[in-house]
Each structure stands twice: as C-alpha cells, then as structure tokens.
Amino acid sequence: MEKYSDSDITLRPLEISDADAAVQWYMDEKVSKFCSWEVFPSRESAVDYFVRQDLRHPWNRAICAAGWVVGSIAVNPFGGSDRCRGELGYALASEYWGRGIATRAVTLAANSAFLELPHLERLEAVVDVDNPASQRVVEKAGFVREGVLRKYYLLKGKPRDAVIFSLLSTDPRVNYFVDD
C-alpha cells in the first residue's frame, strides 16, 4: 500500500472531467455505508448524481493524491442566525483508505473554508457512531469530540446516533497559511 506525503494531497474545485473518478466511490458499498446515498446501480446514474449534486455545490473540492482524483470533500455553510457554522463531509474511494489522505484533506478543507468563508467561526463533522475510522480522521485533523447526538439523523431510512465534532476558526490547529 502506497503512503502519500502531505505535499502529495491537494484539493481543487471539482470539474466535469472528474465524473469518471467519482463513479469509483459512488458505486462502492464500503464508501456508501455511512453516506446519505445508496450505491448507484449504473455508471450513468452515478454520473448524473455527480453533475446534479457535486458540481453545483458551492464548496465542494476534489481530493487529489499525487494528481489523481480519489474523493471529494464539501463544506455546507448554514444560513440565517446559524451562518457562523458549517458542516464538513467527505467521501474517499475505499482503495485509498488508511493512507493519511482523508486526514490531510480534512485539514486542508477546514483551513481553506475558514479563509474563503470569513463569516465561518465553527466547522462541524457529524459522524455515525459505528464509523470509528472517520471519527479518527477528524480528530487527527484537530476536531474536538463534543458528544453523542442520539437518533440524530436518518441513514437509509433508519434513525442513527452520531458523534459531533467541531473545529473553531480560533483553534490552534487552524493554519491560515496553507500550502496546497
């Protein structure tokens, strides 16, 4: 298994040419297990979702490892009186798990989001209680575990508990001078 250095991991805006790479994780049961979407039954349906959802998202980035698109990461800013908060989520092709890519991508995304969205004071990551790998990713990226939210969301139609993590713009791990 190839390990990547921090400099090998970059983020960039998603492009239509990334659709083929996105099919990798959209059609992977291991990836979709804790995601809101089901495994797509065909390449065409996965590409359609990518075009309708990912490309239109205001803050969604391709996760690149040594130049190859291996996942995506998004920040969903809240509105109104909650506009100081946003939620971070990501998907990474399972063949790239365990190589430090997700942790570096979360770190880069958080730092970039705080720079690009100056009203943002707090980033949240809401992680299923049965997804310890993602919990470790956000903790290693500097997020603080705040607690368990019981029956917080529906996953594939069933209520699930989630662990909420946060990173504040003032936290020491936030670096506004990111080389990416």
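Start at 1 with the first residue, then count along the sequence. When reading the values below, keep in mind they use all heavy atoms of this one structure, side chains included, and skip hydrogens, waters and symmetry mates.
- The shortest distance between side-chain heavy atoms of V75 and F114 does not fall below 4.5 Å.
- Distance alone, capped at 3.5 Å, is enough to place a donor-acceptor pair between the Q135 side chain and the D128 backbone.
- Summarising the geometry, atom OG belonging to S94 is positioned 8.5 Å from atom CD belonging to Q24; distances are rounded to the nearest 0.5 Å.
- Of all non-hydrogen atoms in L154 and P159, the two that sit nearest each other are CD2-N, 3.5 Å.
- Within the 4.5 Å cutoff, side-chain heavy atoms of D130 are placed close to those of R160.
- Annotation: K30, atom NZ; neighbour count of heavy atoms from other residues, nucleotides and ligands within 6.0 Å does not exceed 12.
- Checked by atom type and distance alone, the side chain of N111 pairs as donor or acceptor with a backbone atom of T107 at under 3.5 Å.
- Between the side chains of S5 and D8, a donor-acceptor pair is found at a separation under 3.5 Å.
- Considering only residues two or more places apart in sequence or on other chains, F40 meets the ring pair (Phe, Tyr, Trp, His ring centres under 6.0 Å) condition with Y26, Y49.
- Between the W97 side chain and the L92 main chain, a donor and an acceptor come within less than 3.5 Å of each other.
- Nearest heavy-atom pair, L11 versus A105, reported as atom, atom and distance to 0.1 Å: CD1-O, 3.8 Å.
- A continuous path of Ile, Leu, Val, Met, Phe, Trp and Tyr side chains, each step under 4.5 Å between heavy atoms, connects I63 with I16, placing both in one hydrophobic cluster.
- Under the 4.5 Å side-chain heavy-atom criterion for grouping Ile, Leu, Val, Met, Phe, Trp and Tyr, V174 is not connected to V144 through any hydrophobic cluster.
- No salt bridge links E139 with R145; every basic N to acidic carboxylate O contact stays at or beyond 4.0 Å.
- There is no path of hydrophobic side-chain contacts, each under 4.5 Å, that joins F78 to L123.
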Step-by-step side chain to side chain contact (heavy atoms under 4.5 Å, CB included) determination, T103 to R136: CA-CA 9 Å; T103 300; R136 279 192 306 278; over 6 Å; no
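- Annotation for A125 and V138: closest pair CB-CG1, 3.9 Å, computed over non-hydrogen atoms.
- Of all the heavy atoms in M27 and A46, the pair that sits closest is CG-CB, 4.3 Å.
- For W37, the CH2 atom is densely surrounded, since the number of other residues' heavy atoms within 6.0 Å is greater than 12.
- Residue N60 holds its CG atom at 8.0 Å from CG of N76, rounded to the nearest 0.5 Å.
- Applying the under-4.5 Å side-chain rule to Ile, Leu, Val, Met, Phe, Trp and Tyr, the cluster around Y152 extends to F34, V126, L149, Y153, L155, I164.
- The CD atom of E124 sits 12.0 Å away from atom CZ of F165, with the distance rounded to the nearest 0.5 Å.
- A heavy-atom distance below 4.5 Å is found between the side chains of R12 and D18.
- With a 6.0 Å radius and a threshold of 12 heavy atoms from other residues, nucleotides or ligands, E29 has its CD atom at or below the threshold.
- Counting only heavy atoms from C-beta outward, the side chains of D161 and K151 approach each other to under 4.5 Å.
- By the 6.0 Å contact criterion, CZ on R150 is open, its count of non-hydrogen atoms from other residues, nucleotides or ligands being 12 or less.
- Using a 4.5 Å cut-off on side-chain heavy atoms (C-beta onward), D20 and F50 make no contact.
- Using a 3.5 Å distance cut-off with no hydrogens or angles, the side chains of E121 and S169 do pair a donor with an acceptor.
- Smallest separation of non-hydrogen atoms from L167 and G142: CD1-O, 3.4 Å.
- Not one N or O on the side chain of R104 forms a donor-acceptor pair closer than 3.5 Å with the backbone of S7.
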